[in-house]
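For reference, positions follow the sequence shown, starting with 1.
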Amino acid sequence: MRGRPTLTPLWPGLAFIVAPSLALAVLSIVQLLASAPELQRGRERVVHTFEVITTAQALERAMQDAERGQRGFLITGDAAYLDPYRSGAAAVPALLAKLRQLTADNSEQQRRMPVLENQIDVKLTVLQRMLAASEKEGFDAARQIMQTNVGLDAMRGVDAVIDAVIAAENALLIERQARAGEDERTAALVAGVSGALALSAVVLGVIVVVRGFRTIRDAEAATRGSEEQLRRLIDGVADHALFMLDPTGRVSSWNAGAERLKGYRADEILGQHFSVFFTDEDRAANVPDQVLQAAARGDGQEAEAWRVRKDGSRFPASVAIDAVHDQAGALVGFAKLTHDISERLAAQQALEETRARLAQAQKMEALGQLTGGIAHDFNNMLHVMIGSIETLHRHAALQEPGYRQQLDIALEGGRRAATLTRQLLAFARQQPLQPRALDPNKLVSGMTDLLRRTLGETVAIETVLAGGMWWTSADANQLESAILNLALNARDAMPHGGKLTIETANSFLDEAYARGHAEVAAGQYAMIAVSDSGTGMSHETIEKAFDPFFTTKEAGAGTGLGLSQVFGFVKQSGGHVKIYSELGDGTTVKLYLPRHAAGPEAPGRPSAAAPVPIGSQSEAVLVVEDDEPARTYCTALLSELGYRVVAAPDGPTALSLLDADPAIDLLFTDVGLPGGMNGRQLADKARLRRPGLKVLFTTAYARNAIVHQGRLDPGVELLGKPFTYAELGAKIRRVLAGEA
């Protein structure tokens, strides 16, 4: 009887087939278990690195916000700029603490933290000190702190440390990318071995082999997903060029920020040597190779230098480079970080220009205060001198005709001194203006004949008047004087004759222009430009042109107050003046006066010379003047004019005299009085006692009591010192008659 066929001979074959299949299965499981945690750790490291980068960038933006807000407040005085300062300064501690926590596992980054904290403390302390100084002592105190450059150096230190932190983290990203690539190659090798074993395992090992391949493919997909996430993170850093170089310096990776900054697409730049980003001068000096050699030695470089885009344009950049090594310590390439710092440098330049403009404005203000004080004292002396000479002139002319010539000379000298004083007051913006709405075209047209007679036949005059010209509100006499001063300066700049052009135009000065020019408010302006074809001015001369007593003319040929008077008048009128000139190409001076919405008023014309109005003893004038010579002179003039005169040296005495004499018709008072009661306060108290009392003010220069924003208060009558016998007589008569 034959038995069943035994399977025993089959077992060795089955074992030979099953054993490789089992080995393959075990190998696949081990690979899966080993790679999954590593992939998870890789993802966590990528997320952690990106969080460090974004936190560092947020900290840098918070510091920049605090600096810009504080600077904007100091420049403009607008408290709205303090919002970004406060929010930025408030965000810094939390961001700094978060950055310190995130880098706790990185000893290199932790070494940077004390430096960063120190620079931030210094910068925030300087910002706070400048705000406190500005609040307590004014901008000058804040500017002195600014000029120490401690804050600027600290901010540079903050930027440098943060850039270093970001560069180090980006280097970690690139290193991890390289490590992920090695993992992929290892997985591929395992897959190949597994495939070879699968081919040797016949039918019974197919299922196990297929399952193994599926496991490996899943691992590869996870690896590719991690790499894709890493690529998206790197490309998301759009404001920095972040790329990798191979050990020879050729570009091996390229992010979106690099394409935006340098202009090359990845397919255009990959494989090219990174020296294409350097200037011709740097390449000639072998700088690219020196940079690679230093980085390979471990001397990672962080610097600011010029770099070149694809189109050949240059830009200032903050650059950093670090060597990247594999786990065995072999050099695998370099991590390169580039950031465009054009905006930062432009902001620094704008800040320096603002400092220069503020210094110029402060100089002009100081000169204005000085000249105003001189003019005030000088006017008081001239008031008495001119008045006394004029009195002698009137009486001596009847008795001693031979004295007339000498008195005429003395009187003319006094009047010239008074004109000089008015010019000083104009520059100091302390002259009381009496503006009215006027049409610039009509004013310029009305001056044409005067200018032709004044400038002579060698100067051709042309007017270019804009259609639909806006009206402005200004003191017509002062504006005519300003245009005449500019025309005379133009004539002097054309010693052999030339062409003078006066042009009008509507102009809008926008916010950008206003930010670049101190004391200019954005808005609509009526512009009057005076241009000549003369010798022109250098940049240095333009900077000093508005300074009082500055002149390029020969000694004795001018006072140097013409342009300073123009400057003071325009600024006092709320306008702006600008000089455009080049040596040999003539000069243009543009006057910008604020647009006035109402219609123009017909300019009043002085009447023909008339006899001086005489008063009577039935009309009484109360004179209040603290300067005794001026009081004596004024009393004598009024008595000569026929009025009954009562005099007082101060406000309280004047009120007592007013109470004692109900027949007083007019209060004639100086604005500046001693004893705590100025002329305006005296007039207010007097009118409470006598509601119908007429009041006429006098002053040696504009006082805030009756003049605000350079203009007389409504209803105020003023006779400026020095005044003449005829001016006093006419003004008193008009005030008493209610015609002024």
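With rounding to the nearest 0.5 angstrom, the CD atom of Glu462 is 11.0 Å from the OG1 atom of Thr448. To the nearest 0.5 Å, the span separating CZ on Arg690 from CG on Leu622 amounts to 9.5 Å. Expressed to the nearest 0.5 Å, how far OH of Tyr525 lies from CG of Leu593 amounts to 9.5 Å. To the nearest 0.5 Å, atoms CD (Gln524) and CZ (Arg595) are separated by 4.5 Å. For the atom pair Arg491 CZ and Leu455 CG, the distance stands at 6.5 Å (nearest 0.5 Å). Taking CD from Glu625 and OH from Tyr633, the interatomic distance works out to 12.0 Å, rounded to the nearest 0.5 Å.
Checking side-chain atoms of Asn506 against main-chain N and O of Trp470 turns up a donor-acceptor pair under 3.5 Å. Of the possible donor and acceptor atoms, none in the side chain of Asp626 sits under 3.5 Å from a partner among the backbone N and O of Leu673. One N or O on the side chain of Thr698 and one on the backbone of Leu719 form a donor-acceptor pair closer than 3.5 Å. Counting only distance, with no hydrogens or angles, the side chain of Thr588 and the backbone of Ser531 share no donor-acceptor pair below 3.5 Å.
Looking at every heavy atom in both residues, Ser507 comes nearest to Met527 through CB-CB, 4.2 Å. Closest of all the heavy-atom pairs between Leu583 and Gly536 is CD2-O, 4.0 Å. Counting all heavy atoms, side chain and backbone alike, Arg631 lies closest to Ala648 at CD-O, 3.7 Å. Nearest heavy-atom pair, Leu693 versus Ala686, reported as atom, atom and distance to 0.1 Å: CD2-CB, 3.8 Å. For the residue pair Thr472 and Pro594, the shortest heavy atom distance occurs at OG1-O, 2.7 Å. Taking each heavy atom of Gly498 and Ser533 in turn, the nearest pair found is CA-OG, 3.6 Å.
Put simply, the side chain of Val530 does not reach to within 4.5 Å of the side chain of Leu591, judged on heavy atoms. Side-chain contact between Val621 and Leu667 is absent, with no heavy atoms from C-beta onward closer than 4.5 Å. Within the 4.5 Å cutoff, no side-chain heavy atoms of Val646 are placed close to those of Val623. Val464 has its side chain out of reach of Ile502: every pair of non-hydrogen atoms, C-beta onward, lies at least 4.5 Å apart. Contact of the Arg687 side chain with the Val695 side chain is registered, since non-hydrogen atoms from C-beta on lie closer than 4.5 Å. Using a 4.5 Å heavy-atom cutoff, the side chains of Pro629 and Asp627 are in contact. With a 4.5 Å cut-off on side-chain heavy atoms, Leu638 and Ile732 count as touching. Inter-residue side-chain proximity for Tyr643 and Leu736 is flagged as met; some heavy-atom pair is nearer than 4.5 Å.
Using a 3.5 Å distance cut-off with no hydrogens or angles, the side chains of Ser581 and Thr587 do pair a donor with an acceptor. Side chains of Asn441 and Thr504: a donor-acceptor N/O pair is present below 3.5 angstrom, by distance only. There is a side-chain donor-acceptor pair under 3.5 Å between Ser538 and Thr541.
For Glu582, the CD atom counts as loosely surrounded, since its 6.0 Å shell holds 12 or fewer non-hydrogen atoms of other residues, nucleotides or ligands. More than 12 heavy atoms of other residues, nucleotides or ligands shown are found within 6.0 angstrom of CD on Gln681. Heavy atoms of other residues, nucleotides or ligands lying less than 6.0 angstrom from CD of Glu457 number 12 at most.
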Please evaluate residues Leu438 and Trp471 with respect to the criterion side-chain contact (heavy atoms from CB on, under 4.5 Å), reporting the C-alpha separation (whole Å), side-chain torsions for both, the decisive distance (0.1 Å), and the verdict.
CA-CA 6 Å; Leu438 55 84; Trp471 302 313; over 6 Å; no
Verdict with supporting geometry, Asn678 and Leu682, side-chain contact (heavy atoms from CB on, under 4.5 Å):
CA-CA 6 Å; Asn678 62 37; Leu682 169 61; over 6 Å; no
side-chain contact (heavy atoms from CB on, under 4.5 Å) evaluation trace for Glu628 with Thr632
CA-CA 6 Å; Glu628 184 175 356; Thr632 301; 4.2 Å; yes
side-chain contact (heavy atoms from CB on, under 4.5 Å) assessment of Ile528 paired with Leu479:
CA-CA 10 Å; Ile528 301 175; Leu479 180 54; 4.2 Å; yes
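Every side-chain contact (heavy atoms from CB on, under 4.5 Å) that Ser618 has, sequence neighbours left out, goes to Ser616.
Ion pair Glu619/Arg733 flagged as a salt bridge, since at least one NZ, NE, NH1 or NH2 atom sits closer than 4.0 Å to an Asp/Glu carboxylate oxygen. The existence of a salt bridge linking Lys731 and Glu717 is confirmed by a sub-4.0 Å separation between a basic side-chain nitrogen and an acidic carboxylate oxygen.
In this structure, Tyr592 and His576 have parallel ring planes: the angle between them is below the 30° cut-off, well short of the 60° mark.
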